[in-house]
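Below is one structure, written out as structure tokens, with a few remarks after it.
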Amino acid sequence: MSNMLEVADLGHTYGDHEAIGGLSFTVRAGELVCVVGPSGCGKSTLLRTISGLVSPTRGDVSLHGSHLAVVFQDYSRSLFPWLSVQGNVEFPLRSLPRAERRARAAEALEWVGLSGAARKRPWQLSGGMQQRVAIARALAYRPALLLMDEPFASVDAQTRFELEDLLLRVRREHDTTVLVVTHDIDESVYLGDRILVLSGSPARLVADLEVPLPAERNQVTTRTDEGFVALRSKVARLLNVGKPSMDVEKWAAAERESLSETVPS
Ligand SMILES: Nc1ncnc2c1ncn2[C@@H]1O[C@H](COP(=O)(O)OP(=O)(O)OP(=O)(O)O)[C@@H](O)[C@H]1O
Ligand SMILES: [Mg+2]
């Protein structure tokens, strides 16, 4: 399999804050790679440097394909409220002839099951549907690489499961290469062919793990599979999850105190 993305010794520093410190990894064509790491470690910065929104302070990013698309967490801010759903999906295709733009948008809306909502405005849709519009917009662009930053973090648990399966289906049907940032360990194992585990700030690569699960995933059976459970524990250990830090303890004590002040026992 050829490499779609090569990241070599990538680093980014904001002022005197080193957000990412020398990351190297590759993403092969057709792969779905998840990136997990502690809050604030530099995951979004990594995606921003890969997408070119931010120029890296050091290192290189090479993309072996002409273009990429990004899906952000906050769908409510990423869709234009004055455009219809169809208009939103067509928006990045402005340089194409009108008929082709229409056809591509209609096709992408069909992939995500939203053909019936093409004429609606985003604000008339549920959060999960709005995020499907954002995914359709990215797919209509036919990116060589799809970058997603916590794409399902703002929806309820059941919608999240549906969107995860939607992503797995479209990447399989359309051979899309995907890099997904998530803070959800279970999600990274459920979605990924591989998981990149990052350390706290500055982000460094702690592990690059293959996911030893069949390509076909199922929300009920996969999540109870032995391989799934073992890998999610491994990622959790690598991230030090469950080890209470001083700050959390202090915060919990303060919470108890403030509760005992306001709630008569
Ligand atoms: N534009 C900016 N200017 C200065 N510092 C920034 C900027 N953007 C991010 N940072 C800092 O860089 C670090 C990494 O931020 P980033 O948003 O990449 O982390 P993250 O892993 O995506 O966080 P989260 O889990 O909250 O999404 C943080 O300490 C953040 O405060
Ligand atoms: Mg982020």
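Counting starts at 1 for both ligands and their atoms, following the listed order. What you see is a predicted model; the values in this text were computed from it and never measured.
Hydrophobic cluster membership is shared by Val33 and Val181, with clusters built from Ile, Leu, Val, Met, Phe, Trp and Tyr side chains linked at under 4.5 angstrom.
Closest to atom 16 (P) of ligand 1 among all protein heavy atoms lies Thr45 OG1, 3.6 Å. At the shortest separation from atom 28 (C) of ligand 1 among protein heavy atoms lies Gly40 O, 3.6 Å. Among protein heavy atoms, the minimum distance from atom 29 (O) of ligand 1 is reached at His17 NE2, 3.2 Å. The nearest protein atom to atom 9 (C) of ligand 1, hydrogens excluded, is given as Tyr14 CE1, 3.4 Å; this is a heavy-atom distance. Of all protein heavy atoms, the one lying nearest to atom 17 (O) of ligand 1 is Ser44 CB, 3.7 Å. In terms of protein heavy atoms, atom 25 (O) of ligand 1 is closest to Lys43 NZ, 2.8 Å.
Separation of atoms CG (Leu231) and CG (Asp186) is listed at 10.0 Å; rounding is to 0.5 Å. Note that CZ of Arg171 is 8.5 Å distant from OG1 of Thr177, once rounded to the nearest 0.5 Å.
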Salt bridge (Lys or Arg N to Asp or Glu O under 4.0 Å) between Glu164 and Arg217: does it pass, once the steps are laid out?
-> CA-CA 10 Å; Glu164 286 169 355; Arg217 313 269 160 109; over 6 Å; no
Begin with the C-alpha distance, continue with both residues' side-chain angles, and end with the deciding distance and a verdict on salt bridge (Lys or Arg N to Asp or Glu O under 4.0 Å) for Asp208 and Arg194.
-> CA-CA 7 Å; Asp208 181 340; Arg194 252 169 69 217; 2.9 Å; yes
Before giving the answer on salt bridge (Lys or Arg N to Asp or Glu O under 4.0 Å), spell out for Asp184 and Arg160 the whole-Å C-alpha distance, their side-chain angles and the decisive distance to 0.1 Å.
-> CA-CA 11 Å; Asp184 183 327; Arg160 184 180 191 129; 3.4 Å; yes
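Taking the six-membered ring where tryptophan is involved, the planes of Tyr14 and His12 are perpendicular, since the angle between them exceeds 60° and thus also 30°.
Listed by number with element, the atoms of ligand 1 under 4.0 angstrom from any heavy atom of Ser39 are 25 (O), 26 (O).
Ligand 1 lies within reach of Gly42, whose nearest heavy atom is under 4.0 Å from it.
There is a protein heavy atom closer than 4.0 angstrom to atom 14 (C) of ligand 1. There is no protein heavy atom less than 4.0 angstrom from atom 31 (O) of ligand 1.
Among the atoms of Ser44, an N, O or S atom falls under 2.8 Å of the Mg ion (ligand 2).
Put simply, the side chain of Asp60 never gets that close to the backbone of Ala8: no donor and acceptor are under 3.5 Å apart.
At a heavy-atom distance under 4.0 Å, no atom of His183 approaches ligand 1.
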